[in-house]
Protein chains: 2
Amino acid sequence: MKNIKPKLIKLFKEGYCTPQIARIARTINEPSTTIHYNIKKLENEGAIRIYKAVFDYKKINEGFCVYLLIALTPSEYSTPERIAKNLAKHEEVESVDLVTGDWELILKLRAKDQDEYYNFVKNVVSREKGIVTTKSMISLKQLKTEFVSL
Amino acid sequence: MKNIKPKLIKLFKEGYCTPQIARIARTINEPSTTIHYNIKKLENEGAIRIYKAVFDYKKINEGFCVYLLIALTPSEYSTPERIAKNLAKHEEVESVDLVTGDWELILKLRAKDQDEYYNFVKNVVSREKGIVTTKSMISLKQLKTEFVSL
DNA sequence: TTATGTGTTTGAACAATATTCAAATATGAA
DNA sequence: TTCATATTTGAATATTGTTCAAACACATAA
């Protein structure tokens, strides 16, 4: 047994997919070379970043999903991007945004379970200097992710 | 001019992509038939939902991104999914979660600009019975989306 | 209006890739 | 060990992506 599964999941999270030109051509009834030309144009403009897979995260041991709100110390207000970039590096992190309102950052995180999430908060979030408060909003049910209804 | 672009964007948001088996095979140095077998298994298990494109949303006129927190009236606590599903239908909605804490729902929305977002709130959100309060957290900067760093 | 340059569409030929199939191998349970 | 089931793999085939050159569309300026 070669245990290919985790390797595939890792690759599919950030790419290793490609458009189905022939199927699109059939669907909208245009020549495949026209589709090809237009897709390449979108890619060259940078409008399309990558092609990737969307998972049923429960089935790949990432069923625990949390929105984490973060408030920074006033001294960090001028460079919130430093902390944001550090946090974005980690594979548990689906998204990172600087936002308006009572909190400076909002992260979407995926972990296997509560324990794994606790470890992430303990080892990554709480070690980051400049964070003053956090608040976890645990997802009880995900109805739509990445524009995909579940 | 056939204006293929918007059609492609629509299709790529929810699929019409496929894994690059040969490239994966080269990357992890395994026969492509082995990769093929393992991918089909993941698909049949339902672990992989779809293959799709991730965009630079600013370049496809969806640069305005908001996290919308929603509190429900106590009478809706028993059926939060009804409202959640209604909201999830709309194409502006990237994600919908039922969450713990001070709010019942969190939505991630993408629109062209503030005006278009306002129209969505006015026409869709505020018409939904059972919503008691909302709070918008506007994204000032997106550092990572859908596991893709920007 | 016509001329000119640029961007888009398209079919034909070709290159690369996905898929099928059958055989070999591995794995776990009795 | 034996058996049933799951996984790996190469060879053949089917399907798809890509290249290329020509035709066409569109905008601009003379």
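Here is how names work: the chains are called A, B, and so on, in the same order as the sequence lines, proteins then strands, and each is numbered from 1. Bear in mind that the values here come from a model prediction, so they are computed numbers and not experimental data.
- Residues passing the side-chain hydrogen bond (donor to acceptor under 3.5 Å, both in side chains) test with B:Q114: none are found, sequence neighbours excluded.
- Between A:Y57 and B:F147, the ring planes lie tilted relative to each other; the angle falls in the 30° to 60° range.
- The shortest distance between side-chain heavy atoms of A:T145 and A:K108 falls below 4.5 Å.
- At most 12 non-hydrogen atoms from other residues, nucleotides or ligands lie less than 6.0 angstrom from CD of A:E91.
- Applying the side-chain hydrogen bond (donor to acceptor under 3.5 Å, both in side chains) test to B:T18 and every residue at least two apart in sequence or in another chain returns nothing.
- For A:K5 and D:dA6, the NZ to P distance is 15 Å, given to the nearest whole Å.
- In this view, B:D113 satisfies the salt bridge (Lys or Arg N to Asp or Glu O under 4.0 Å) rule with no residue, not counting sequence neighbours.
- A close approach under 4.0 Å does not occur between any side-chain nitrogen or oxygen of A:K2 and OP1 or OP2 of C:dA26.
- Atom NZ in A:K7 sits roughly 14 Å away from atom C1' in D:dT8 (whole-Å rounding).
- Taking the side chain as every heavy atom from C-beta outward, A:K52 and A:E146 approach each other to under 4.5 Å.
- Ring geometry for A:F12 against B:Y51 counts as perpendicular: the plane angle is over 60°, on a 0 to 90° scale with 30° as the lower cut.
- Contact between the side-chain N/O atoms of B:R26 and the OP1/OP2 oxygens of C:dT17 is found at a separation under 4.0 Å.
- A:I83 places none of its side-chain heavy atoms less than 4.5 Å from the side chain of A:I70.
- If you measure from atom CE of A:M1 to atom P of D:dT5, you get 18 Å, rounded to the nearest angstrom.
- What separates CZ of A:R23 from C1' of C:dT17 is a distance of 17 Å, to the nearest Å.
- Within residues 29-47 of chain B, the residues that have a heavy atom under 4.0 Å from DNA chain C are, in order of number, B:T33, B:H36, B:K40.
- Taking atom CD1 on A:I4 and atom P on D:dA6, their separation rounds to 18 Å, with Å as the unit.
- A:E128 places a side-chain heavy atom less than 4.5 Å from the side chain of A:R82.
- Under the 30°/60° scheme for interplanar angles, the aromatic rings of A:F64 and A:Y117 are found to be tilted.
- Terminal axes of the helix from C:dT1-D:dA30 to C:dA30-D:dT1 (five pairs each, C1' rotation axis) are separated by 40°, to the nearest 10°.
- Listed in residue order, the members of residues 13-22 of chain B having a heavy atom less than 4.0 Å from DNA chain D come to none.
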